[in-house]
Peer 1: 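I have a structure here, written as structure tokens, and I will follow up with some questions on it.
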Amino acid sequence: MHTTTVIIGGGQGGLAMSRCLSDRSIDHVVLERGEVANSWRTERWDSLRLLTPNWQCRLPGRPYAGDDPDGFMTAPEVVDVIAAYAKEIAAPVHTSTTVTAVRRTDDGYRVVTDQGEWSCEAVVLASGAFNVPRVPDFAAAVPSSVTTRSAMTYRNPHDLDDGGVLVVGASATGAQIAHEIQSSGRPVTLAVGEHVRGPREYRGRDIHWWMQAAGVLDERYDEVDDIVRARRVPSMQLTGSTERVTLDLNKLTGIGVQLVGKFAAISGTRAQFSGSLRNKCDLADLKLGRLLDTIDEWATAAGLDDAVPPPHRFAPTAVPEPPRLDLDLGRGEIRTIIWATGYRPDYSWLEVDVLDAKAMVRHDGGVVVDAPGMYVIGLPFLRRRKSSFIDGACDDAQELAQHLATFLDVRAARHG
Amino acid sequence: MTSTATPVNNGVNVDALLGARTALTDAPEAAQFQWRATCEWRSGTHSTTNVDGFFGLGAEQKHRTTYSFDVDHPEIFASEDNGATPVEYILVGLAGCLTAGVAAVAQMREIQLNSVAATVEGAMDVRGILGMDTDVRNGFSSITVSYKIDADATPDEIKALVAQSQKRSAVYDIITNPTDVRVEVI
């Protein structure tokens with residue numbers, strides 16, 4: 001089978017790209033291993049809601065049209081939105097089609113699937129950034145008496161044994177999971193490394209409203225000081241809830257969660273936590289202060305100071321004195337460990353030499369550097385700070401589709 | 001080895017150490033020590049750190065004299081190399097601590113030391129401190145200490161000295177286990 005462009009992945013990124021290619025009458029297919037929005041259907045815990053408000057869940061040609069712009073969608077609601085979008089744009093999606101290999105050919109690419117092969121001139125990798133849990137090497141040394149899970153297979157607290165839970169990682173995922181497990185009556189110890197603190201609301205508006213308005217989310221990949229670092233910044237500690245609550249470490253401490261430093265190693269059966277907890281919390285408090293400064297400056301410049309409540313600052317993060325540095329995993333205090341230590345993409349099927357030493361695609365704003373006609377979408381800070389959000393797919397897909405169209409034109413002129 | 005005719009003398013006053021243990025059992029608060037250093041920036045990466053007083057045995061104490069340490073980076077880092085690097089001082093501390101321990105343990109076990117020499121090597125990928133790769137840690141990826149010991153003892157007794165020294169070493173513990181570190185601006 002032949003098509004001009006194969007899009008691998010039927011999530012928000014792949015479908016946004018499909019819509020933008022259709023706008024340019026570029027022939028394409030979308031290959032999806034399950035159903036559209038597969039990972040939203042199968043790899044999310046029960047209580048998850050988006051971190052971004054509903055008004056920000058825009059896709060190309062489709063602004064938010066519901067009646068709760070300031071609410072936060074559940075995972076099933078996200079599935080509904082993405083599935084409806086696929087229908088609305090009549091995306092040429094081939095579901096239950098798993099890509100097993102992508103190879104370079106003399107005149108483009110060959111995409112091998114369990115449902116046959118496609119030849120094409122261009123390929124868009126839209127399989128996402130969160131395919132495989134990223135777990136430290138020493139995870140293998142956890143005593144067998146402790147059950148381990150990743151945030152990808154965790155569903156709800158009631159699936160867990162009674163008894164203590166060590167949640168590793170305090171970004172949005174770890175903080176949310178720690179909160180609901182502690183609330184279920186299981187005492188939680190939360191290992192905290194580098195994290196980004198953020199209030200749900202500031203001066204009467206959602207933090208994402210401010211970040212959008214002040215231009216923070218639109219900062220471009222070629223404008224920031226250190227894009228490699230920016231792409232690795234963890235997700236802000238936020239939660240989407242009907243109560244619009246702020247979920248920070250002080251809140252977790254307040255309900256009884258015990259904070260410890262970064263999970264550094266296992267020695268025998270003892271978990272060792274870094275002594276850097278205070279530093280990590282200070283860094284996050286200072287970074288939050290800088291973000292609020294940026295917002296306040298923008299609000300003044302935009303003449304908003306009389307329209308919203310005055311600036312204020314949040315209490316510094318309280319760190320236990322002294323923080324606990326080790327914990328014997330063999331003693332029964334901890335029954336479950338949940339790794340909320342992030343994810344990595346899975347490119348095991350990609351047989352084109354475009355990966356760096358860390359198995360990440362080498363790309364320039366989504367344009368794959370070493371493979372003309374290959375693109376990637378849906379990675380953190382791909383082209384803008386908002387690239388990892390659903391809302392980020394809009395601008396990224398428009399610009400990458402334009403680049404892809406130019407590539408096809410140049411190629412046609414050369415071959416013509 | 002207790003077969004030597006002359007009494008073992010490694011220059012360690014075992015009686016004093018054992019006496020201190022007895023005294024501190026009766027007065028554990030006297031065991032609370034605080035070690036101190038004061039640092040003054042010179043220029044660039046050059047600073048001078050002095051070690052003078054410390055607290056212990058329930059009172060302020062003083063070294064016989066003030067010890068001064070210049071810290072800098074080498075010329076290949078575009079610095080002036082006015083002293084050892086901070087990480088080399090860590091190696092100094094580890095070597096000094098383990099070696100003191102070897103001597104003390106040998107004395108306790110009545111093993112005569114003839115010579116003790118150690119080489120300490122710390123391996124480091126400097127992409128960590130240069131902020132080039134967050135997967136690379138800032139500190140040593142590993143530390144290797146190699147002891148060459150001539151003593152009136154069997155090879156296994158010598159190995160046991162070195163093992164016991166690590167077990168009782170403050171610096172070994174500081175390096176191998178996490179420590180709560182507070183850095184303030186006052």
Peer 1: Kindly indicate, with the supporting measurements, whether the criterion side chain to side chain contact (heavy atoms under 4.5 Å, CB included) is fulfilled by A/K358 and B/D133.
Peer 2: CA-CA 10 Å; A/K358 291 178 189 292; B/D133 188 336; 2.7 Å; yes
Peer 1: Of the non-hydrogen atoms in B/T179 and A/L325, which two are nearest, and what is the gap between them?
Peer 2: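 Nearest pair, atom of B/T179 first, then A/L325: CA-CD1, 4.0 Å.
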Peer 1: Tell me, out of A/E194, A/R270, A/Q272, who's got the most heavy-atom pairs with chain B below 4.5 Å.
Peer 2: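 Among the listed options, the one with the most contacts to chain B is A/Q272.
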Peer 1: Can you tell me if A/E321 has over 12 outside heavy atoms packed within less than 6.0 Å of its CD?
Peer 2: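 Correct, the count exceeds 12.
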Peer 1: In this structure, are over 12 heavy atoms from other groups packed under 6.0 Å from A/Y221 atom OH?
Peer 2: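 Counting neighbours around OH of A/Y221, more than 12 heavy atoms of other residues, nucleotides or ligands fall under 6.0 Å, so yes.
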Peer 1: Can you tell me if NZ on A/K262 sees more than 12 non-hydrogen neighbours from other groups inside 6.0 Å?
Peer 2: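 Atom NZ in A/K262 is not crowded, with 12 or fewer foreign heavy atoms closer than 6.0 Å.
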Peer 1: Restricting to non-hydrogen atoms, name the atom on B/D180 and the atom on A/P322 that form the minimum distance, rounded to 0.1 Å.
Peer 2: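 Closest heavy-atom pair between B/D180 and A/P322: OD2-CB, 4.1 Å.
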Peer 1: Please name the pair of heavy atoms, one in A/G275 and one in B/P178, separated by the smallest distance, quoted to 0.1 Å.
Peer 2: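 Heavy atoms only, the tightest pair is N-CB, 4.0 Å.
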Peer 1: Answer yes or no: are there more than 12 heavy-atom neighbours, outside B/R36 itself, under 6.0 Å from its atom CZ?
Peer 2: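 Yes.
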Peer 1: Is atom CG of A/D222 surrounded by more than 12 heavy atoms (other residues, nucleotides or ligands) closer than 6.0 Å?
Peer 2: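 Above 12, so yes.
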Peer 1: For a quick test of reading the model, state the closest non-hydrogen atom pair linking B/V181 to A/R278 and the distance between them.
Peer 2: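 Looking at all heavy atoms of both residues, the shortest contact is O-NH1, 3.4 Å.
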Peer 1: Heavy-atom cut-off 4.5 Å, strictly under: side chain, backbone, both or neither for A/R229 against chain B?
Peer 2: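 Side chain only.
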Peer 1: Would one find more than 12 heavy atoms of other residues, nucleotides or ligands at under 6.0 Å from atom CD of B/E80?
Peer 2: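 For B/E80, atom CD is not crowded (no more than 12 foreign heavy atoms under 6.0 Å).
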Peer 1: To the nearest 0.5 Å, tell me how far A/D282 CG sits from B/E184 CD.
Peer 2: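 If I round to the nearest 0.5 Å, the distance is 9.5 Å.
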Peer 1: Test salt bridge (charged side-chain N to carboxylate O under 4.0 Å, His left out) on A/R232 and B/D135; report intermediate values, then the result.
Peer 2: CA-CA 10 Å; A/R232 295 178 65 100; B/D135 287 338; 2.7 Å; yes
